[in-house]
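Have a look at the structure below, then the notes.
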Amino acid sequence: LTSIGIFITTLRDERLTDPVRKEQCLNILDQEVHRLQGLVEKLLRLSKIEAGGHGFTSAPVLVKDLIAGSISAFDAATMHEHTEIKVTQEEGLYVLGDVQALEQAIGNLLINAWKYTPSEHRAISLDVAATRRHIEIAIRDNGPGIPRDEQEHIFSEFERGRDAIDDPSKRGSGLGLAIVRAIIRAHRGRITLRSTPGEGAEFRIRLPSP
């Protein structure tokens, strides 16, 4: 909002006479408005999920299709720097839930793993395992890991790790993991994190099976 206000004042006062610089100013304004709009949409979605007004369906979802959809969304978001996901899963496994919401949750975790792992040695895996009453989906990366003092708060709203804050290329709202947790909780599941600094991170989702 501060940036938007400054640029609007600059344009209103006609301080920019160069058409090229004026166009650059308008482009930045457009970017900031879209970024703010995205933040508001995420906040509204998170609030709606937490208030129970999400409207998620609850139907048997074939895990193989769920994983394929999540990876397809991941590939679209990371097309400029493609990374192969190593997948291990059994055939014929199902979970109960809303396929689009679950694809968003898993896709967000995959994109996070991609974003925070250096590209020169990036390795991301996704493993699916069945227990008696649940399906567990584990997403692992070989990135820098998450410091222990940050792990407790990593799912909280607006929380971002020090690495993300210090690196301007890793822009984000701090709402992604909060939304993932809200989606999983709305499906009567849970999500946990295991990470050792320097040895990557593992996010594990547990969802009820039919």
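Being a predicted model, the structure only gives us computed values, none of them experimental. Because only heavy atoms are used, hydrogens play no part in the values below, and waters and symmetry mates are left out as well, while side chains stay in.
Enclosure of atom CZ in Arg204 by more than 12 non-hydrogen atoms of other residues, nucleotides or ligands within 6.0 angstrom is indicated.
The shortest non-hydrogen separation linking Ser119 to Glu81 is CB-OE2, 2.7 Å. Across Thr117 and Ala113, no two heavy atoms sit closer than the pair OG1-O, 2.7 Å. A pairwise comparison of heavy atoms in Phe74 and Thr83 identifies CE2-O, 3.5 Å as the closest pair. Minimum heavy-atom separation, Glu90 to Ala130: OE2-N, 4.2 Å. Nearest heavy atoms, Arg132 versus Ser209: O-OG, 4.5 Å. Smallest separation of non-hydrogen atoms from Glu103 and Asp65: OE2-O, 4.1 Å.
Using a distance-only test at 3.5 Å, with no hydrogens or angles considered, no donor-acceptor pair links the side chain of Ser58 to the main chain of Leu96. Without hydrogens or angle criteria, Asp141 side chain to Gly200 main chain gives no donor-acceptor distance under 3.5 Å. The backbone N or O of Gly5 lies less than 3.5 Å from a partner atom in the side chain of Thr9, making a donor-acceptor pair. The backbone N or O of Ile146 sits less than 3.5 Å from a side-chain atom of Ser195, completing a donor-acceptor pair.
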Apply the test side chain to side chain contact (heavy atoms under 4.5 Å, CB included) to residues Arg206 and Ile135: give CA-CA distance (whole Å), side-chain angles for both, the deciding distance (0.1 Å), then the verdict.
-> CA-CA 6 Å; Arg206 172 177 281 195; Ile135 301 297; over 6 Å; no
Verify side chain to side chain contact (heavy atoms under 4.5 Å, CB included) between Gln89 and Ile67, making sure each step is shown before the conclusion.
-> CA-CA 9 Å; Gln89 61 180 323; Ile67 299 305; 3.9 Å; yes
Just do the side chain to side chain contact (heavy atoms under 4.5 Å, CB included) check on Leu126 and Lys86 with the steps written out, would you?
-> CA-CA 6 Å; Leu126 189 156; Lys86 182 181 178 181; over 6 Å; no
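A heavy-atom distance below 4.5 Å is not found between the side chains of Asn142 and Ile124. In this structure the side chain of Tyr94 never reaches within 4.5 angstrom of the side chain of Val61, judged on heavy atoms. Residues Glu202 and Ile139 form no side-chain contact, since every pair of their non-hydrogen atoms from C-beta on lies 4.5 Å or further apart. For the pair Phe56/Ile183, a side-chain contact is recorded, criterion being any heavy-atom separation below 4.5 Å from C-beta on. By the 4.5 Å heavy-atom criterion applied to side chains, Val128 and Leu93 are counted as neighbours. Side-chain contact between Leu29 and Leu11 is present, with heavy atoms from C-beta onward closer than 4.5 Å. When side chains are defined from C-beta on, Leu207 counts as touching Leu102, because their heavy atoms get closer than 4.5 Å. Looking at heavy atoms from C-beta onward, Phe155 lies in side-chain contact with Ile191 at the 4.5 angstrom threshold.
Going from atom CD of Gln104 over to atom CG of Asn108 covers 5.0 Å, rounded to the nearest 0.5 Å. Going from atom OG of Ser125 over to atom CG of Asp127 covers 5.0 Å, rounded to the nearest 0.5 Å. Once rounded to the nearest 0.5 Å, the distance linking CZ of Arg194 with CZ of Arg140 reads 8.0 Å. Separation of atoms CD1 (Ile85) and OG (Ser70) is listed at 10.5 Å; rounding is to 0.5 Å.
Taking 4.0 Å as the cut-off between side-chain N and carboxylate O, Glu120 and Arg122 do not count as a salt-bridged pair.
One hydrophobic cluster holds both Val95 and Val87 under the rule that ILVMFWY side chains link at heavy-atom gaps under 4.5 Å. Linking ILVMFWY residues whenever their side-chain heavy atoms come closer than 4.5 Å, directly or via other members, places Ile28 and Leu26 in the same cluster.
With respect to Phe203, the side-chain contact (heavy atoms from CB on, under 4.5 Å) criterion is satisfied by exactly one of Leu177, Thr192, Asn112: Leu177.
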